[in-house]
Amino acid sequence: YSVLYDGNGNVVLVYANLYTLSNYGTPDLYHSCILLSAFRPFEPNTAGYQLPYSGQGYIGMGIDAIWNRETVRVKLLDTLKKGQGYCFSFHYSLANYSSAAASHLGAVFSRDSFYVGTIPQDIDYDTRVFSDSVLCKDLDTVNWHIYEGHFLAKGGEEWLTLGWLHKTQHISFVFAPYPVGDTLDYFKAYYLIDALELIECPQYGVPDYEVIPPNVISPNGDGINDAFYIHPYLPHPSMIMIFNRWGFEVFRSDNYDQNWQGETQDGKLLAEGTYFYILKLPSGYVIKGMVSLFR
């Protein structure tokens, strides 16, 4: 086994066939204005010739085929919203001196800044995105590529951790037939990362509090408020019950398609007036209110 120390000075015993998240090595921050080596003045980073995808700076991080790997963490500007869908993407390029390409590079989003070196197995947070296929499988070291994924936030996530965050046996490698440079003999697959982006994507989920039903419908065929249309990304399946003013149920749907136009369950037109609804979202959140029907 190998011996590592955590942030508190405690010894962590690491078995190569079990341990998957090492604190060995450090990821690298590059800037196109800084000359890193007088011996290789035409190489903008220690791993090869790639320039940034955008701007001036980018990062580099690697993994070998046993258990050594690097991670990068940053605190988000805002905490993530519960139930909100997010799209996450980054650009990547396989470094020139890599002798392999690897799968499962991705990110987890967490509420706390956990210490990676103390975790004996893979990080199993639900709010994570990763590539289950090998990135740059063709061993292309010339071009930038983009990885895109999406997830549903648990709520309160403040940290993004980027790296290889799965058990070693889950990660696949494609090895290069050519020899590698002397700078990356330790890390066999080394990637340059740039242009990370995290944006809200309501098509993958919206917070419960953003689901606000209308209070009026007027099904007269003019294309305005003709149906009880609640939200462009209403979660499915959402259940709705509609009652008249005497409390009798007039309409129900266990998977509401937002197409109620003031009719009963069997299609008969209802009279103008005020109706009451109970809307239950997949999360269990219940919304109650009233809607006025005008023809």
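Just so it is clear, the structure is predicted and the values come from calculations on it, not from any experiment.
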Report whether [X] and [Y] are members of the same hydrophobic cluster (ILVMFWY, side-chain heavy atoms less than 4.5 Å apart, transitive linking).
X	Y	result
V206	Y256	yes
L29	L162	yes
L135	F175	yes
M61	F173	yes
I278	L293	no

For the pair [X] (side chain) and [Y] (backbone), establish whether a donor and an acceptor sit closer than 3.5 Å, ignoring hydrogens and angles.
X	Y	result
D64	K188	no
E197	F88	no
Q84	A153	no
E272	R295	yes
W144	L192	no
D226	I217	no
T127	K154	no

Do the two ring centres, one from [X] and one from [Y], sit under 6.0 Å apart?
X	Y	answer
Y86	F109	no
Y58	Y30	yes
F251	Y275	no

Close side-chain approach of [X] to [Y], heavy-atom, < 4.5 Å:
X	Y	answer
V72	I193	no
Y191	W164	yes
L196	V74	no
L279	F228	no
K81	E210	yes

Output the distance between atom [atom1] ([X]) and atom [atom2] ([Y]), rounded to the nearest 0.5 Å.
X	Y	atom1	atom2	result
S131	Y92	OG	OH	6.5 Å
R73	S110	CZ	OG	6.0 Å
I242	R252	CD1	CZ	11.5 Å
T71	L165	OG1	CG	7.0 Å
K75	L160	NZ	CG	13.5 Å
K268	L270	NZ	CG	10.5 Å

List the atom pairs, donor and acceptor, that lie under 3.5 Å between side-chain atoms in residues 230-240 and the rest of the protein, sequence neighbours left out.
unit_1 : atom_1 : unit_2 : atom_2 : d
H231   : ND1    : Y233   : N      : 2.9
H236   : ND1    : N255   : OD1    : 3.0
S238   : OG     : P235   : O      : 2.5

| said: Looking at I199, I'd like to know if its CD1 atom is crowded, meaning that more than 12 non-hydrogen atoms belonging to other residues, nucleotides or ligands lie closer than 6.0 Å. | reply: yes

| said: Take a 6.0 Å sphere around OH of Y147 and say whether it holds more than 12 heavy atoms from other residues, nucleotides or ligands. | reply: yes

Non-hydrogen atoms of [X] and [Y] that approach each other most closely:
X	Y	result
W159	D112	CD1-C, 3.5 Å
H170	H104	O-CE1, 3.0 Å
L139	L94	CA-CD2, 3.9 Å
S98	A189	OG-C, 4.1 Å
N96	Q50	OD1-N, 4.0 Å
D208	S283	OD2-OG, 2.8 Å

| said: Does Q261 form a side chain to side chain contact (heavy atoms under 4.5 Å, CB included) with N259? I'd like the steps, not just the answer. | reply: CA-CA 6 Å; Q261 297 188 21; N259 56 357; 5.7 Å; no

| request: Dump the intermediate steps for side chain to side chain contact (heavy atoms under 4.5 Å, CB included) on Y53 and S93, then the final yes or no. | output: CA-CA 9 Å; Y53 173 80; S93 177; over 6 Å; no

| task | Start with the C-alpha distance between I287 and Y277, add both sets of side-chain angles, then the distance that settles side chain to side chain contact (heavy atoms under 4.5 Å, CB included), and finish with yes or no. | result | CA-CA 8 Å; I287 304 172; Y277 62 84; 4.2 Å; yes

| field | Option from I146, D194, I59, L105 for which side-chain contact (heavy atoms from CB on, under 4.5 Å) with F90 holds | value | L105

